[in-house]
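One structure below.
Starting from 1, each residue takes its place in the sequence as its number.
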Amino acid sequence: MAASSLAPRALYEEVAELLRQRIFNRDLEPGSWIDELKIAQHYGISRTPLREALKVLAAEGLVTMKVRRGAYVTEVSESDLAEVYHLLALLESDAAGAVARNASDAELQELLTLHGQLEASAEPEQQDRGKFFAVNEKFHMRLLEIARNRWRNQMVADLRKVMKLNRHNSLLKTGRIEESLEEHRALIQAIMSRDASACQSRMQEHFRNGLEAAT
């Protein structure tokens with residue numbers, strides 16, 4: 001991909017997004033060294049915007065910069081993952097409670113519609129892990145938007161980027177999609193009942209089980 005074909009925003013931002021997706025898709029594996037010269041040549045850019053892009057990814061936790069050794073895709077340890085899931089459980093359970101208390105009926109219907117899409121992606125005859133993962137993330141992010149706390153949203157977005165370094169592995173665990181769907185059913189029932197306490201409990205349970213599946 002030549003530099004001239006990149007989107008007309010800051011070049012380093014576009015490069016950061018390209019590398020971010022390569023990391024999430026496992027084209028760049030956790031622990032792998034990032035060959036700056038090879039990547040710069042591949043995208044037809046100088047190493048300056050590439051290094052700026054790597055700084056962005058380092059701030060997100062996706063890349064680890066080592067003095068005189070270059071950049072590596074971050075390896076997430078079990079303790080790292082436990083800390084990320086712990087924080088996500090706190091932040092997203094708080095958001096779920098806020099949604100139960102304050103969301104409009106139309107907003108609740110949006111979440112119900114997304115849940116329906118999640119159910120469809122998990123049908124045994126057409127189960128699609130990739131689609132399930134995408135819809136699941138869309139559901140969680142929409143719930144956060146409805147809860148209306150932009151600072152919480154930013155923290156969750158950053159934590160979820162780190163979680164993605166491992167997350168796909170959790171969905172490969174036998175039966176995890178079915179378990180996750182059951183947890184979502186309990187959560188959506190609590191949301192539609194406007195039971196804030198139950199929403200918080202269901203969301204925390206969802207993350208506890210997700211962590212167990214991911215480790």
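- To the nearest 0.5 Å, atom CG of residue L18 and atom CG of residue D27 are 11.0 Å apart.
- Criterion: ILVMFWY side-chain heavy atoms under 4.5 Å apart, direct or through other members. Under it, M141 and L112 are part of a common hydrophobic cluster.
- Residue E29 qualifies as enclosed at atom CD: its count of foreign heavy atoms under 6.0 Å is above 12.
- Checked by atom type, the side-chain pair H184/R202 shows no donor-acceptor distance below 3.5 Å.
- When the side chains of ILVMFWY residues are joined at heavy-atom separations under 4.5 Å, either directly or via intervening members, M192 and F139 end up in a single hydrophobic cluster.
- For the residue pair E17 / Q21, a side-chain donor-acceptor distance below 3.5 Å is found, with atom types taken as modelled.
- Looking at N153, its side chain never comes within 3.5 Å of a backbone N or O of R150 through a donor-acceptor pair.
- Counting heavy-atom neighbours within 6.0 Å of Q109 CD, excluding the residue itself, gives a total above 12.
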### Task
Output, in order, the C-alpha distance, side-chain angles, deciding distance and verdict of side chain to side chain donor-acceptor pair (under 3.5 Å) for E183 and N209.
CA-CA 9 Å; E183 292 156 15; N209 293 340; 2.8 Å; yes
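- E92 has no carboxylate O lying under 4.0 Å from a charged side-chain N of R152, or vice versa, which leaves the two without a salt bridge.
- Exactly one of R101, R148, R194 qualifies for a salt bridge (Lys or Arg N to Asp or Glu O under 4.0 Å) with E107. That residue is R148.
- Dense packing is recorded around NZ of K161, with more than 12 heavy atoms of other residues, nucleotides or ligands lying under 6.0 Å away.
- Between H140 and H206, the ring-plane angle classifies as parallel under the 30° and 60° cut-offs.
- The two atoms that bring V135 and L118 nearest to each other are CG1-N, 3.7 Å, heavy atoms only.
- Counting heavy-atom neighbours within 6.0 Å of Q189 CD, excluding the residue itself, gives a total of 12 or less.
- In this structure, the side chain of S93 does not engage the main chain of M203 through any donor-acceptor pair within 3.5 Å.
- Both M155 and L57 are part of a single hydrophobic cluster, where members link through side-chain heavy atoms under 4.5 Å apart.
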